[in-house]
Amino acid sequence: MLIVLFAMLFPDHARATEPAADLEATIAEARARDLASGAQWLHLGHWRRTGLPPFRGFESQSDGPAFFLHPRGQNEPEAELESTLRALFAPPSPTPVDRDDPTTWHARCRFPARFLFLSRALSLDPAALPAIDCPGYREYRDDLEADGVSLVFSSYYLNNPASAFGHTLLRIHKRRDGFATRSDLLDTGIDFGANVDDDNAFVYAVKGIVGLYPATFRKLAYAYKIRQYADYESRDLWEYRLRLTAEQLDMLVAHLWELGSTHFDYYYFTENCSYHIIGAIAAAVPEAGLLDRVRSPVIPADTVKTLAETPELVESVAFRPSLRSTFFSRASALDDEEREVVARLADDPEFQLPAGWSDERKVEVFDAAADLFDMRHARELFEEADSPRANEKRDLLARRADILAPSPEHDVAVPHEKAPDLGHPSRRLRLGPAFDDDGNAAVAVGFRFALHDLADPSAGYPDLAQIEMGSFAMRVSTGDTPRVVLDDFSLVRIVSLNSLDRFVRLPSWHLHLGARSVTDRACSSCEVATARFGAGLAKSWWRDRIAAFAFADARVEAGHDLEGIEDEAVRAGFGPAGGFRVALHPRVHLVGRGGWLWHPEQRPRAPWRAEATLRWALTQRHGLSFEGVAERGVQRGQALLHFDF
Amino acid sequence: MVSLRSICGTVAFAVSAMMLVVAGQAAARGYGAAGCGLGSSVIGPTPGFSQVFASTTNGTSASQTFGITSGTSNCDWEPNSQARAFIEGNREAFVKEMARGRGETIVALTTIAGCVDASQVGNRLQREFRRLVPDVSTSDAKVSERVIELLRNDANLACMDLS
């Protein structure tokens with residue numbers, strides 16, 4: 001009807017009456033073929049099935065009203081398809097087009113991926129459609145010059161919990177024809193993230209969890225992402241280039257444009273960056289069923305595994321070393337004297353080099369020193385362009401530039417075993433027998449939502465880090481009166497070990513928030529909430545195969561039956577803790593930990609605890625652990641089989 | 001959507017408080033799309049390089065209606081804006097590679113400026129390092145201006161895409 005109205009108002013568009021006949025036939029055909037329930041259409045609208053039979057329906061995860069042409073489009077893919085067809089056949093609107101407001105654009109400029117799909121599926125005749133020019137979309141495509149796409153995984157970064165699980169984004173590769181030397185830095189990045197406008201961290205935290213932030217897709221120079229992740233945060237980047245046909249790539253590029261006009265409510269654990277990045281890829285390869293295989297909570301590395309497990313989807317894997325990896329690679333090629341000079345130069349840019357060195361040798365130490373300097377002072381250099389540090393860096397670089405020779409290219413060896421798709425799956429079930437020194441037997445069970453601990457095989461994960469979320473360990477005693485004991489619940493447990501080194505002296509730390517059963521004189525087998533934090537030092541040897549750590553710990557526990565400070569149900573203690581980790585084999589690890597906490601004016605005054613785990617990963621998903629725990633008056637051992645999924 | 005949210009409910013609240021406090025601070029400092037051409041990371045409202053990064057935080061907030069933009073630069077109308085945006089946006093790495101006389105930022109700039117040979121460009125920038133970056137009070141804009149001027153005026157480099 002709208003079209004007829006337009007035709008009446010604007011006789012110039014008299015041809016519009018012709019397409020109208022085509023339009024009704026086209027809509028009828030789309031309906032007859034049920035295109036609206038096909039995978040491609042559902043992926044383009046980000047509709048997911050919701051509810052249970054017989055109340056099954058659809059809801060689009062896209063939350064921006066501009067993403068739908070039909071008023072009930074968010075829940076009705078079929079109505080949206082019909083509205084889309086009508087809009088595609090409609091003549092250009094007489095109202096002026098605002099370049100910044102997608103709702104003023106013609107549907108063909110607004111939804112090029114829908115157009116692509118519908119014209120392929122329904123063999124639309126371009127001549128039957130109005131001629132529309134989409135300058136914005138054209139410029140966008142010209143700017144991308146898309147030749148391929150990679151999913152980029154930015155490695156684990158424990159110093160910022162929001163990034164502790166890693167991050168993913170897309171890189172659109174530019175065509176290289178005619179530019180033999182064209183750099184990666186000219187490619188385009190597509191990122192998905194929440195638009196945060198609160199300064200208050202707590203407000204941010206709560207809103208981030210419950211989905212109160214709108215998140216959008218953003219296009220930016222890939223170089224900035226490299227600067228942010230590889231330089232500023234020193235995180236290695238892994239790039240999984242996808243094997244897409246020209247048509248699939250076209251579809252992806254068009255769909256990313258569509259996504260620019262909408263937002264998604266951001267959920268830190270589920271509908272997060274990685275989920276929607278996969279959702280965008282899935283729209284280009286709907287038949288791969290990517291989203292059906294992504295499970296909650298969505299861990300970025302899991303989405304990488306989802307791609308890697310899809311046959312024929314990943315074409316190649318590239319590694320871009322972080323500043324930190326580059327520096328250590330440079331340093332490992334130097335001799336002791338050179339390393340000493342590098343350390344001195346990074347402390348004092350005026351430090352005089354030993355006499356008689358060749359230019360080659362000087363270049364090597366200056367180049368390593370500049371990387372070390374950038375790595376140590378990344379934050380200050382980025383944030384304060386004219387700080388004293390920036391001055392020192394400038395002087396160091398000027399001395400390097402005085403040696404008029406280009407630096408030799410430095411290639412960092414790819415740590416193939418750290419590719420994120422090689423890691424064990426993130427969820428874990430455990431089961432096995434447990435015995436204590438009184439001869440009581442029990443069945444130990446455990447579950448973990450995510451992700452990795454120090455005794456796990458380190459392929460795909462950092463060697464000296466542990467990050468666990470939502471982990472439970474229980475024992476069900478098998479005696480006459482079965483009893484369940486909660487050995488440990490970890491809401492979150494993080495261990496971040498930074499080996500002390502001539503060049504880097506970062507503290508190590510650990511954090512545990514959760515609950516456990518206490519079996520000392522403060523109460524007999526009562527459950528308490530526990531919070532423990534420790535900071536200290538760590539040292540590793542032999543390429544991280546052996547590591548030892550020591551912390552100063554503080555712990556607060558509270559529980560209903562606990563006898564703590566002045567008969568309150570709270571106790572607090574502090575004291576030393578420490579441990580070691582030995583990689584006997586990439587799949588076999590021995591980890592020991594112990595601690596002794598002094599509780600002033602409380603009973604018991606000094607509870608201690610020691611534990612050890614020997615774990616053998618039989619396959620990528622299965623493993624066997626032998627674990628022992630000793631506390632004052634109690635000793636216990638258990639053997640557990642685990643299954644990761 | 002409903003089914004996907006369910007897991008959060010159980011663990012969410014306490015984790016949110018603890019885990020994201022630090023995250024919140026990092027986020028408050030702000031990375032996001034912004035700016036004159038850069039569509040870049042925004043790090044702090046300080047002068048110089050960060051100023052370029054931050055030049056418009058107005059693009060970062062939720063009010064931005066269209067995150068997938070068509071151009072590389074919102075200042076496309078200025079001469080050599082792409083080269084300038086590149087130099088200023090990659091400052092720390094670029095200055096380092098100038099001193100080294102080679103590197104991927106030099107290769108990228110060579111392509112943007114349409115010069116013939118990246119090793120020649122690197123050689124020239126290394127030779128002029130002390131003049132191009134006399135001290136840190138030199139603003140990023142000044143550095144990029146001088147670099148572009150140098151490339152443009154050197155006939156041997158034949159940087160055809162600079163105006």
Side-chain angles (χ1 to χ4, degrees), chain A residues 50 59 61 100 102 136 139-140 143 160-162 179 181-183 185-186 195-197 199 201 204-206 208-209 214 216-220 223-224 227-228 256-257 260-261 267 269-271 296-297 367 370 374 381-386 390-391 394 397-398 400-401 406-407 470 491-492 513, chain B residues 1-2 4-5 7-8 11-12 14-28 31 33 39-41 43-44 46-50 61-62 65-72 89-90 92-93 95-96 99-102 104-105 107-108 111 118-119 122 126-127 129-130 133 136-137:
Chain A
T50 56
E59 185 179 1
Q61 291 169 338
D100 294 327
E139 285 164 24
Y140 156 80
D143 178 43
N160 177 355
F179 293 98
T181 58
R182 191 166 213 174
S183 157
L185 297 180
L186 301 181
N195 295 300
V196 178
D197 49 5
D199 284 346
Y204 167 84
V206 174
I209 299 283
T216 51
F217 281 86
R218 284 177 298 226
K219 164 175 168 285
L220 19 79
Y224 299 132
R227 301 281 88 94
Q228 177 186 349
L256 289 170
W257 174 258
S261 68
Y267 296 90
F269 292 111
T270 54
E271 290 185 38
S296 297
D367 287 356
D374 273 354
L381 290 170
F382 269 89
E383 289 170 6
E384 295 170 54
D386 48 2
N391 219 357
R394 186 262 164 203
L397 291 180
R400 161 66 190 90
S407 298
L491 194 59
V492 54
L513 295 175
Chain B
M1 205 140 100
V2 173
L4 282 167
R5 280 178 207 164
I7 295 219
C8 309
V11 261
V15 177
S16 70
M18 288 308 302
M19 280 202 60
L20 298 184
V21 162
V22 187
Q25 279 152 359
Y31 276 113
S40 76
S41 305
I43 311 172
T46 47
F49 166 73
S50 323
S61 71
T65 50
F66 203 67
I68 306 288
T69 51
S70 50
T72 37
N90 289 278
E92 293 301 325
V95 173
K96 189 161 67 181
R100 288 176 180 169
R102 94 183 288 166
E104 63 172 351
T105 60
V107 173
T111 308
S119 62
Q126 186 182 51
R127 200 172 282 276
F129 184 89
R130 282 183 186 270
V133 194
V136 288
S137 61

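Order of the sequence lines sets the chain letters (A, B, ...), proteins ahead of strands, with each chain counted from 1.
A pairwise comparison of heavy atoms in B:Lys96 and A:Ala370 identifies CD-CB, 3.9 Å as the closest pair. Minimum heavy-atom separation, B:Glu92 to A:Leu381: OE2-O, 3.4 Å. Here the closest heavy-atom approach between residue A:Leu397 and residue B:Ala99 is recorded as O-CB, 3.4 Å. Minimum heavy-atom separation, B:Ala93 to A:Arg227: CB-CZ, 3.4 Å.
B:Arg130 is linked by a salt bridge (charged side-chain N to carboxylate O under 4.0 Å, His left out) to A:Asp402, counting only residues two or more places apart in sequence or in another chain. Under the salt bridge (charged side-chain N to carboxylate O under 4.0 Å, His left out) criterion, B:Arg100 pairs with A:Asp367, A:Asp371, sequence neighbours left out.
Atom CZ of B:Arg102 sits about 8.0 Å away from atom OG of A:Ser407, to the nearest 0.5 Å.
Ranked by heavy-atom pairs shorter than 4.5 Å toward chain B, the options A:Pro406, A:Ala398, A:Ala223 are led by A:Ala398.
Residue contact with chain B, scored on non-hydrogen atoms closer than 4.5 Å, involves the backbone and the side chain of A:Asn391 alike. For B:Thr105, the parts sitting under 4.5 Å from any heavy atom of chain A are the backbone and the side chain alike.
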